[in-house]
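Below: one structure, written as structure tokens.
Every chain is numbered from 1, with letters handed out A, B, ... down the list of sequences. Basis for what follows: all heavy atoms, side chains included, without hydrogens, waters or symmetry-related copies. Here the structure is a predicted model, which is why all the values come from computation and not from measurement.
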Amino acid sequence: MGLLCTAGMLNGVFGEGEDRHIAHWRSVKYTDHWEEEEEDGSKTLHDRERFSHEVTLVFTNGKTQILTHEKKESE
Amino acid sequence: MKNAHLRFGWLTYVKSTEKTTTSIRLHLDRFIGEMLPDPPRQAKAHLISVIGGDTQISAINAAISMGDRFMVEGPGVQPVRICLEQNAQCFKGSIQLAGRKKPLRHLIGISEGLASGSMSANSGRILLASSDRHFVWASIAHIYGIPGIPEWADWFQAELNTHRATGPALGVGCDPIVIKGSKGQFLDWLSWGLESGAVPFPTETGSIRWPGVSLKDIFLQAE
């Protein structure tokens, strides 16, 4: 299902009434960066890359929404 | 079809050492670049495609690897000094022509930014190889993940003009364009468009099929 979504196979128009919307999926790369300071004063830099899904919705009334694994964002 | 000298541009490379001066001039069939704001007149090259002999192409390949500069001119492009800068990628091939014993060599050089896609959604600007409105809208929708349908291409073109969100780019054999903006901005335009009724919401439920785009559509065909 995830592959179908991010491949754009499930992009389309869905719902009825106020819930009617267009959905667009994509795969997004996230990079987590953090630093660790060792006892000897040296610093270790960490970069972790991961991919996640993101779906953007636009409703008939103009409302937009971006849904990710992290949090909901209303605009 | 126009003769090659009317369609193609020229790429000139001059390398001077203490004892010798090497000068190479090759046919340039495709070029994409961006003018740099600071004088003297120079541009950042993103794509060059040249045709020539084996020795000439090898020399250009080496020059690209060393980050050397070239002069480029062509139909609609005044002479300008260009550079692909560091970590450019090169791809070489052969073109066998009827009546010639030796094949022509073909070299494509791509800047690091274009090859790695760093001129992408995160940078707030995107370089596209074609300014066709259908291609621009489809590319922006795909790269930024903007929900939409192909029929909104005219509306998006008008929004780009209204917000002056396009920038010029140099092109030989193609018509590139720079699009400036973020996903948030584009969604704001879309939101306002739907709210005001400027953008008609599709009446049919179901999947959205974007028309396919090939390189032949993007790069101008010889006329």
Side-chain angles (χ1 to χ4, degrees), chain A residues 1-37 43-75, chain B residues 113 115-124 126 134-153 155-156 158-159 162 181-213:
Chain A
M1 179 63 83
L3 288 174
L4 280 174
C5 291
T6 52
M9 302 300 288
L10 298 183
N11 293 345
V13 186
F14 303 96
E16 292 177 354
E18 289 184 357
D19 292 333
R20 190 166 174 76
H21 64 276
I22 305 176
H24 189 113
W25 295 79
R26 68 170 180 160
S27 181
V28 181
K29 185 169 86 173
Y30 292 86
T31 305
D32 299 320
H33 177 84
W34 73 96
E35 299 176 3
E36 278 181 346
E37 197 159 335
K43 195 180 282 185
T44 307
L45 307 180
H46 297 270
D47 279 308
R48 182 168 58 196
E49 294 181 344
R50 58 197 165 85
F51 285 88
S52 186
H53 298 179
E54 177 188 283
V55 59
T56 307
L57 310 174
V58 59
F59 294 84
T60 50
N61 61 3
K63 180 186 163 193
T64 60
Q65 210 168 26
I66 301 173
L67 305 177
T68 68
H69 67 284
E70 289 176 328
K71 61 177 182 179
K72 287 184 178 179
E73 184 181 333
S74 297
E75 295 180 14
Chain B
S116 67
S118 65
M119 287 188 71
S120 62
N122 295 331
S123 63
I126 285 183
H134 297 287
F135 176 71
V136 168
W137 169 233
S139 301
I140 294 295
H142 175 73
I143 294 168
Y144 287 93
I146 308 287
I149 57 175
E151 289 75 16
W152 292 353
W155 162 80
F156 189 70
E159 290 294 311
T162 304
S182 64
K183 180 171 182 172
Q185 280 177 291
F186 299 142
L187 284 177
D188 282 345
W189 300 353
L190 182 56
S191 185
W192 173 247
L194 284 166
E195 217 175 320
S196 64
V199 183
F201 204 88
T203 52
E204 290 186 13
T205 301
S207 64
I208 296 168
R209 296 289 170 202
W210 292 81
V213 178

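- To the nearest 0.5 angstrom, Leu10(A) atom CG is 11.5 Å from Ile208(B) atom CD1.
- Other residues, nucleotides and ligands place no more than 12 heavy atoms under 6.0 Å from the NE2 atom of His142(B).
- Asn61(A) CG to Phe201(B) CZ: the interatomic distance, rounded to the nearest 0.5 Å, is 9.0 Å.
- In terms of non-hydrogen atom pairs under 4.5 Å with chain A, the most contact-rich of Ile146(B), Ile149(B), Leu190(B) is Ile146(B).
- Within a 6.0 Å sphere centred on CD of Glu204(B), other residues, nucleotides and ligands contribute 12 heavy atoms or fewer.
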N/O donor-acceptor pairs under 3.5 Å from side chains in residues 52-59 of chain A, not counting sequence neighbours:
from     : atom 1 : to        : atom 2 : distance (Å)
Ser52(A) : OG     : His69(A)  : ND1    : 2.9
Glu54(A) : OE2    : Arg26(A)  : NE     : 2.9
Glu54(A) : OE2    : Arg26(A)  : NH2    : 3.2
Glu54(A) : OE2    : Lys183(B) : NZ     : 2.5
Thr56(A) : OG1    : Gly145(B) : O      : 3.2
Thr56(A) : OG1    : Lys183(B) : NZ     : 2.6

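- Listed by chain and number, the residues in a side chain to side chain contact (heavy atoms under 4.5 Å, CB included) with Glu18(A) amount to none (sequence neighbours excluded).
- The main-chain N or O of Gly62(A) is found under 3.5 Å from a side-chain atom of Ser191(B) such that the two form a donor-acceptor pair.
- In terms of heavy atoms, Thr205(B) sits closest to Phe14(A) at CG2-CA, 4.2 Å.
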